[in-house]
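Each chain gets a letter, A, B and so on, in the order the sequences are listed, and its residues count up from 1.
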Amino acid sequence: MKLYDIKLLTITCEILAQKNIIDLLKKHEITGYTTYEVDGNGARGIRGQGFKNEKNVKVEVIVREEKLHDVVEEISRTLFANFAMVLYVSDVSVVRTEKF
Amino acid sequence: MKLYDIKLLTITCEILAQKNIIDLLKKHEITGYTTYEVDGNGARGIRGQGFKNEKNVKVEVIVREEKLHDVVEEISRTLFANFAMVLYVSDVSVVRTEKF
Amino acid sequence: MKLYDIKLLTITCEILAQKNIIDLLKKHEITGYTTYEVDGNGARGIRGQGFKNEKNVKVEVIVREEKLHDVVEEISRTLFANFAMVLYVSDVSVVRTEKF
Amino acid sequence: MDILQLIQSNLLTPVIMFFLFGIIAARIKSDLKIPEAISEFLPIYLLAAIGLHGGIEMRNTGFENMLVPMFAAIVLSLLFTLNHYQILRRLGKFNIFDSYALASTYGAVGAVTFSVGLSFLKDQGVTSEGYLAAVLAVLEPVAFIMAIFLTNMAVSKQIRTKRQSFAKDDASDIDMGVHDTGTKLSQVLHESLTGKAIVILLGSIVIGYAIGESGFSSIKIVFDEMFTGAIVIFMIEMGIVAGQRLDDIKKVGLFLTAFAVIMPTFNGIIGVLVATAMGLSLGGAVMFGLLLASASFIAAPAVLRHAIPQANPSLYITSALGITFPYNIIVLLPIMFTVSAIVHNAEGSIDLFHFIAKDLI
Amino acid sequence: MDILQLIQSNLLTPVIMFFLFGIIAARIKSDLKIPEAISEFLPIYLLAAIGLHGGIEMRNTGFENMLVPMFAAIVLSLLFTLNHYQILRRLGKFNIFDSYALASTYGAVGAVTFSVGLSFLKDQGVTSEGYLAAVLAVLEPVAFIMAIFLTNMAVSKQIRTKRQSFAKDDASDIDMGVHDTGTKLSQVLHESLTGKAIVILLGSIVIGYAIGESGFSSIKIVFDEMFTGAIVIFMIEMGIVAGQRLDDIKKVGLFLTAFAVIMPTFNGIIGVLVATAMGLSLGGAVMFGLLLASASFIAAPAVLRHAIPQANPSLYITSALGITFPYNIIVLLPIMFTVSAIVHNAEGSIDLFHFIAKDLI
Amino acid sequence: MDILQLIQSNLLTPVIMFFLFGIIAARIKSDLKIPEAISEFLPIYLLAAIGLHGGIEMRNTGFENMLVPMFAAIVLSLLFTLNHYQILRRLGKFNIFDSYALASTYGAVGAVTFSVGLSFLKDQGVTSEGYLAAVLAVLEPVAFIMAIFLTNMAVSKQIRTKRQSFAKDDASDIDMGVHDTGTKLSQVLHESLTGKAIVILLGSIVIGYAIGESGFSSIKIVFDEMFTGAIVIFMIEMGIVAGQRLDDIKKVGLFLTAFAVIMPTFNGIIGVLVATAMGLSLGGAVMFGLLLASASFIAAPAVLRHAIPQANPSLYITSALGITFPYNIIVLLPIMFTVSAIVHNAEGSIDLFHFIAKDLI
Ligand SMILES: Nc1ncnc2c1ncn2[C@@H]1O[C@H](COP(=O)(O)O)[C@@H](O)[C@H]1O
Ligand SMILES: Nc1ncnc2c1ncn2[C@@H]1O[C@H](COP(=O)(O)O)[C@@H](O)[C@H]1O
Ligand SMILES: Nc1ncnc2c1ncn2[C@@H]1O[C@H](COP(=O)(O)O)[C@@H](O)[C@H]1O
Ligand code: NA
Ligand code: NA
Ligand code: NA
C-alpha cells in the first residue's frame with residue numbers, strides 16, 4: 001500500500017471563529033475538513049466552561065503543501081489578532097492523494 | 001526518557017462504519033484504540049448535522065509499522081468504496097513501546 | 001510564512017487523571033493545553049460506556065523540546081502505574097513560536 | 001372537502017406547526033437546533049411511553065385479539081416490501097442495492113410517525129387498540145430481515161456468476177463490492193433485533209403489562225401527560241433535519257418523489273381497509289394503516305448501512321424523512337382517518353375483506 | 001422600605017435562591033454543572049414557552065395595541081444604545097470597538113432576564129401584556145444592527161483617513177484590524193435575524209396565535225406548568241457561569257461596574273414610566289422596563305464576535321452576566337415594580353408622559 | 001413469607017422493572033443508552049428534589065430532633081468503615097489500598113439508592129423524616145475522609161519503614177507508588193466536600209427550608225410530581241451500566257461478592273434497629289438503615305481515584321453497582337421494611353436500644 005506525503009493543518013480556536021476559518025478555507029477552494037469541540041487553556045484564559053459560545057473548536061485540514069502556505073498566511077494575518085487561536089502543521093501520509 | 005518511534009493511524013469516517021473499523025482492527029489483533037465523534041465535510045457532503053447516525057467518528061490507533069500496512073490495505077479495499085472515510089498515518093514516538 | 005519546529009505531546013488517559021496531568025503541567029509552568037473527551041480501549045479494558053467518570057480524555061500540549069523531556073519523565077514515573085494512560089509525542093510546526 | 005377541513009385542522013395542531021416551523025428554521029439557515037442529547041433521548045422516551053400505554057391496555061383487554069392483526073401486519077409488510085422492490089427495480093431502474101434498501105425502508109415502520117398518529121387521534125378524540133404498540137415492535141425488524149436476506153441471496157448469486165465468468169485473480173475486485181456478505185447476515189439480524197427502538201418498546205410493553213394502571217399512576221405525569229409536549233419538541237428537530245434535506249430532494253429524482261407519496265397512500269389505505277375488515281376500531285384502523293404507510297428514517301440507516309452498505313443512504317433517508325414523513329403526518333393521516341370513518345360507518349365489512357383479499361392476490 | 005421588603009421576598013423565591021446557590025457553587029470551586037445539552041436546550045424551551053403564551057394572549061386581545069409600545073421600544077432602544085456609546089466612549093474612555101460592543105449589549109435585550117421577570121410577576125400575582133413577547137423578539141436584533149452599522153461606518157472612515165495619511169504598503173497592516181468590514185454587514189445582519197432566539201420566539205408567537213387556548217391544552221403541562229421549574233434549573237447554571245466570572249470583574253474596572261448598575265436602573269425606570277404613559281398595565285410596565293434594562297449575554301457574544309471582533313468579549317459578557325443580570329433580577333425588578341405600582345396608582349399619566357418626553361429630548 | 005410478598009410487589013414497580021430491563025438490554029448487547037447529558041443531569045435533579053423536600057419538611061418539624069440521628073449516623077458510618085477494613089484486609093486478604101477503598105465505598109452512602117428508597121416508601125404509603133436528607137448530605141464525605149486519612153497514615157508509615165531499610169537511591173521507586181501523599185489530603189478533602197452531590201443536596205435543603213411549602217408550589221410539578229418518572233428513566237441507565245459490569249463480577253471474586261451482600265444486610269438492619277431505638281418512624285428507620293446499607297458508586301470513584309489511586313477501581317465500582325445496588329433496592333429494602341414494621345409494632349424500644357448498644361461495643 002503506497003502512502004503519499006501531505007500536510008495536516010490543525011487550528012484550535014474559539015468556537016465563534018469557526019465560521020471565519022471555514023469561510024477562509026472555502027475561499028481557498030478547500031472543502032474537506034473535520035471539526036470537533038474541545039476545551040482549553042492559553043493566553044486568553046481557560047475556555048470551555050460556561051456557555052457553548054465560550055468553547056473551543058479544532059479544525060483539521062488535510063491539504064497539499066502548495067495551498068498550505070497561503071491558508072496559514074491568511075489565517076495569521078486576519079484572525080490571530082482578534083481570536084483565541086493556535087495553529088500547527090504536521091506531516092502525514094495518505095492513500096488517496098487525489099482526494100485532497 | 002527514551003522515546004521509541006511508532007506509527008499513528010487515524011481514520012475519520014461516518015459513525016456507522018466505526019463497527020466495521022473496530023472489527024477489522026480486532027481481526028488484525030489490535031485492541032488498543034481511541035475514538036471520538038467529530039463533524040466534517042468531504043466528498044460525501046457535510047456530515048454531523050441532524051441525526052447522530054450522520055455524524056463522523058475519528059478512530060486513532062497507535063500501531064507498529066509491521067501491522068500498519070495490512071490494516072491500511074484492508075481498510076482501503078473493503079471500506080473506501082462504500083463509506084465516507086479519510087485515513088492518514090503519522091510518525092509519533094512513545095515511552096512504552098511494549099504496549100503496542 | 002515561516003514555520004518553526006516544536007513538539008506536540010498527546011496524553012490519552014482516564015478522565016479522573018486529567019486533574020493530575022493539568023497540575024503536573026502547571027508545575028512545569030505549562031499553561032497552554034487543549035482537552036477533549038474520548039472513548040477508547042486498551043490494557044485496562046473498554047472505556048467510555050457507563051458513567052462519565054469512566055470516559056477517557058485527551059490532553060494535547062504544544063511544548064518546546066526543552067521542557068518535553070521532564071514532563072514526559074514525570075508523567076511516566078508518577079501516573080503510568082495507577083491510571084489507564086497512553087502518551088505520544090509528534091513533531092509539528094507553528095507560526096508563533098513565542099506563544100509556547 | 002371533509003378531508004381538506006381535517007387536513008387544515010391538523011395543520012393547526014402544535015405538533016404539525018412546530019414541524020413546519022423546524023423546516024422553515026432550517027431553510028432560512030437559522031442556527032436553531034435541539035441539542036443532540038435531547039433529540040437522542042426523545043425517541044427513547046416516546047417509545048417507552050407508547051409501550052407502557054400499550055402494555056397497560058393489553059392487560060385490560062387481553063391479547064387474544066392481537067394475533068390476527070399481528071399476523072396480517074407481518075404478511076402485508078412482507079408483501080409490500082416485495083412489491084416496492086419490483087416497482088423500484090423494474091419501473092424505477094434503481095440498482096439492486098438501492099432497490100432493496102428503499103423497499104425495506106418503506107416496508108419498515110416509523111416510530112416517530114406512530115407517535116404523531118397517536119397524538120392526531122387524541123386530537124380527534126378517538127382511541128386505538130393498545131396492542132398496536134406490540135405490532136409496531138414486531139414489525140420493526142420484519143422488512144429489514146427480509147430485505148437483508150434477499151440482498152444476500154442476490155449478492156451471493158452475483159458472486160457465483162462472476163466467479164464463473166472471470167479468472168480467479170479478479171476475485172478481490174468482486175470482494176470490494178460484496179465482501180463477506182455471507183457471514184454478515186446473522187450479525188445484522190442481531191443488530192436489528194437488539195436495536196434500541198425494539199428493545200425499549202418491547203420492554204415497556206412488558207412492564208406496562210406487569211405494572212398495570214395502578215403501578216403506572218406514579219409515573220403517569222412523565223409518561224402520559226407530558227407525551228404531546230415531548231413530541232412537539234422532537235418535531236422541531238425533525239423539521240430542522242427534514243428542512244436540511246430538502247435540497248437533496250432534487251437528487252432523489254422525480255420517480256422516487258412520486259413513489260414516496262403514492263406508495264404510502266396505497267399501503268396506508270389498504271391497511272385501513274384490512275384493519276377494518278379484521279374488526280379494529282376507527283382509530284385502530286388508522287394506526288394500522290399508518291404502520292404500513294410509514295417509512296423508517298432512524299432505524300433504517302443504522303441497519304441498512306451495515307446490511308447493504310452499497311446502497312446510497314441519502315436516497316432512502318431523504319425520501320423517507322424529507323417527503324414521506326411530512327406527507328404522512330400532514331396529508332395522509334387525515335385521508336386515512338376519513339377512509340376509516342367511512343368504512344366504519346358502512347356495513348358489511350366482511351364483503352370489504354373479500355374485496356381486498358382479491359385485490360392483493 | 002417597601003422596596004426592601006419586596007427585594008427580600010424576591011430573594012426567597014426558588015428562582016433567585018438557586019441562582020445565588022449556583023454562584024456559591026462556582027465560588028467554592030464545586031464541580032457542579034448542568035450538562036451542556038440541558039443548558040443549551042433550556043433557553044430554547046423558555047423562549048418557546050414565552051412565545052406560545054404571548055401568541056395565545058395576542059389572539060385573545062388583538063394586536064392593534066401592540067404597535068405603539070413596539071415603536072416606542074425600538075426608539076428607546078436606539079436612543080439608549082447611542083447614549084451608552086457616548087457615555088462609554090467619552091466618560092469611560094473605552095476604544096471605539098469596546099464602546100460599540102458594550103453599547104449594543106446594553107441596548108439589546110436578555111431573554112433569560114425576561115423569563116425571570118415573568119416568574120417574578122407570577123409570584124406577585126400580576127399579569128402582563130402578551131404582546132411584550134413580540135416586542136422582545138423585535139428588540140433582539142435592533143441594538144445589534146445599529147451598533148454594527150455604526151461600527152462599520154466608523155471603521156470605514158478610519159480606513160479612509162489612514163489610507164490618506166500613510167503609504168500604500170501599510171494597507172495590509174490596517175487590514176489586520178479592520179479587514180473586509182464592508183462586506184460583513186449583510187452577513188452579520190442575516191446571522192442576527194436568524195439567530196435561534198429570535199427564530200424560536202417569533203415562531204412560537206405565530207404558533208401560539210394560530211393554535212389558541214384550545215390547541216395549547218395538550219401541551220400546557222410542558223410549556224406552561226413546568227415553566228418555573230425549568231427556569232430554576234437554568235438559574236443554577238446561570239449562577240455557576242456568573243460565579244465563574246466574578247474574578248473577571250476586577251478586570252472590568254470601576255467605571256464599567258458602575259455603568260452596569262446605573263444604566264439599567266435609568267433605562268428600566270424610564271421604560272416603566274413610558275410604558276405607564278402608553279397605558280400598559282402595572283405588570284406590563286415592569287416587563288417593558290425590564291426589556292430596556294436588560295443586557296444580552298447569550299445572543300450578544302454570538303453576534304458581536306463576528307460583527308466587532310476587535311472588541312474584548314470578556315468586557316461585555318462579564319458586565320452583562322456578572323453584574324447587570326444579578327442586579328436586574330434581584331434588585332431592579334422590585335424597584336421597577338414599586339415604581340410601576342406608584343405611577344399606576346397615581347393619576348394624570350398624560351402629564352407624566354409629557355414630563356418624560358421632555359426629559360428624553 | 002411476608003417479606004417474599006413485599007419483594008414480589010417491589011419487583012413489579014416501574015422503578016425496579018426498568019432497572020431489570022436495563023440490565024437485560026445490556027446483556028443482549030443492545031445499543032440502548034440514555035444520552036450522557038441526561039444521565040449526568042438526573043442525579044443532580046434527584047438530589048435537588050430530595051433536598052428541597054427535606055428542607056421543607058425540616059421547616060415544618062424543626063431540626064432539633066435531627067442532631068441525635070445525625071450523630072449516630074456519623075458514628076455508625078465510621079465504625080462500619082473500620083469494620084469493613086478489618087474484614088477485607090484480614091479475612092479477604094485485600095491489599096491495604098483496595099481494603100481502604102472498598103471499606104469507604106461501603107461506609108459511604110448512595111444517593112441513587114436513597115432516591116429509590118423514597119419511592120419505595122411512597123409505594124408503601126409511608127413517610128420518613130425530612131431531615132434524613134441532611135443526614136445523607138453529611139454522611140457523604142464522612143467515610144471518605146476517614147479512609148483517606150487512614151490510607152495516608154498507613155502509606156506514610158510504609159514510606160518511613162522503607163526509607164529505613166533501603167538505600168536512598170531507591171526513594172524514587174517508592175515514590176512511584178505513593179508519591180506526595182502528604183500534601184494530597186487537603187486537596188482530596190476539598191474535592192469531596194465540594195463534590196456536586198453534597199453541594200446540590202445541601203444547597204437544596206437550605207433553599208427548601210428558606211422557601212417553605214408556599215415558595216415550593218410553583219416548582220412542585222417539576223421537583224415533586226415528576227420525581228418517580230425521573231427515577232425510572234435514570235434506572236434504565238443504572239440497569240444498563242450495572243448490566244455491562246456483570247461480566248466483571250467474576251474478577252471481583254467470591255469473597256467480595258459475599259461481602260457485597262452480607263455487609264449491607266448487617267449494616268442496614270443495625271441501622272433500622274438503632275433508628276427505631278432513637279424514635280424514628282417506620283419509614284424513617286428504613287431510610288436510616290438504607291443510608292448505612294448503601295454503597296457509593298458515583299461519588300466514590302471520583303474521590304477515590306485521587307485519594308487512593310493505587311486501589312483498583314473496578315473492584316469497588318463493580319461490587320457497589322453490580323451487586324450491592326440491585327440487592328439493596330430489590331431485596332434489602334423489603335427486608336428492612338419488614339424488620340422496621342416488626343420493631344415498630346413491638347414495645348420497649350428503649351430495651352432494644354440497650355441491646356444494640358451492647359452489640360456494637
Ligand atoms: N501550548 C498549547 N498546547 C495546546 N493547545 C494550546 C496551547 N496554547 C493554547 N492552546 C489552545 O488554543 C486555544 C487558544 O489559545 P490562546 O489564543 O493562547 O488563548 C486554547 O484555549 C487552547 O485550547
Ligand atoms: N481534506 C480533509 N481534511 C480533513 N478531514 C477531511 C478531509 N476530507 C474529508 N475529511 C473528513 O472525512 C470525512 C469523510 O470524507 P469524504 O469521504 O470525503 O466525505 C469528512 O466528513 C471529513 O470529516
Ligand atoms: N494502541 C492504542 N492506540 C490508540 N489509543 C490507545 C491505544 N492503546 C490505548 N489507547 C488509549 O489509551 C487509553 C488507556 O489505555 P490503557 O492504559 O492501555 O488501558 C485507552 O482507553 C485508549 O483510549
Ligand atoms: Na411501512
Ligand atoms: Na436593554
Ligand atoms: Na453505607
J.: Please classify the contact between C:Leu8 and chain A as side chain, backbone, both or neither, with a heavy-atom cut-off of under 4.5 Å.
T.: side chain

J.: What part of A:Asn56 gets closer than 4.5 Å to chain C, counting heavy atoms only: side chain, backbone, both or neither?
T.: neither

J.: Which atoms form the tightest heavy-atom contact between C:Glu60 and A:Lys58, and what is the distance?
T.: OE1-NZ, 2.5 Å

J.: Taking CD in C:Glu65 as the centre, count heavy atoms belonging to other residues, nucleotides or ligands within less than 6.0 Å. Is the count above 12?
T.: no

J.: Identify which part of A:Phe80 has an atom lying under 4.5 Å from any heavy atom of chain C, answering side chain, backbone, both or neither.
T.: both

J.: For the atom pair OG1 (C:Thr31) and CG (A:Asn41), what is the distance rounded to the nearest 0.5 Å?
T.: 6.0 Å

J.: Side chain, backbone, both or neither: which part of C:Ile6 has a non-hydrogen atom closer than 4.5 Å to chain A?
T.: neither

J.: With a 4.5 angstrom heavy-atom cut-off, is it the side chain or the backbone of C:Phe100 that approaches chain A, or both, or neither?
T.: side chain

J.: Just how far is it from atom CG of C:Leu3 to atom CG of A:Leu87, taken to the nearest 0.5 Å?
T.: 8.0 Å

J.: Which of the residues C:Lys99, C:Arg96, C:Glu37 is involved in the greatest number of heavy-atom pairs with chain A at under 4.5 angstrom?
T.: C:Arg96

J.: If you compare all heavy atoms of A:Val38 against all heavy atoms of C:Thr34, which two are closest, and at what distance to 0.1 Å?
T.: CG2-CG2, 3.6 Å

J.: When you look at C:Ile62 and A:Tyr88, which way does the side chain to side chain contact (heavy atoms under 4.5 Å, CB included) test go after all the steps?
T.: CA-CA 9 Å; C:Ile62 303 170; A:Tyr88 58 87; 3.5 Å; yes

J.: Is the number of heavy atoms from other residues, nucleotides or ligands under 6.0 Å of A:Glu98 CD greater than 12?
T.: yes

J.: Measure across C:Val92 and A:Ser90 and return the closest heavy-atom pair with its distance rounded to 0.1 Å.
T.: CG1-CB, 4.0 Å

J.: With respect to chain C, which residue among A:Val86, A:Asp91, A:Ile46, A:Leu68 yields the maximal number of heavy-atom pairs within a distance under 4.5 Å?
T.: A:Val86

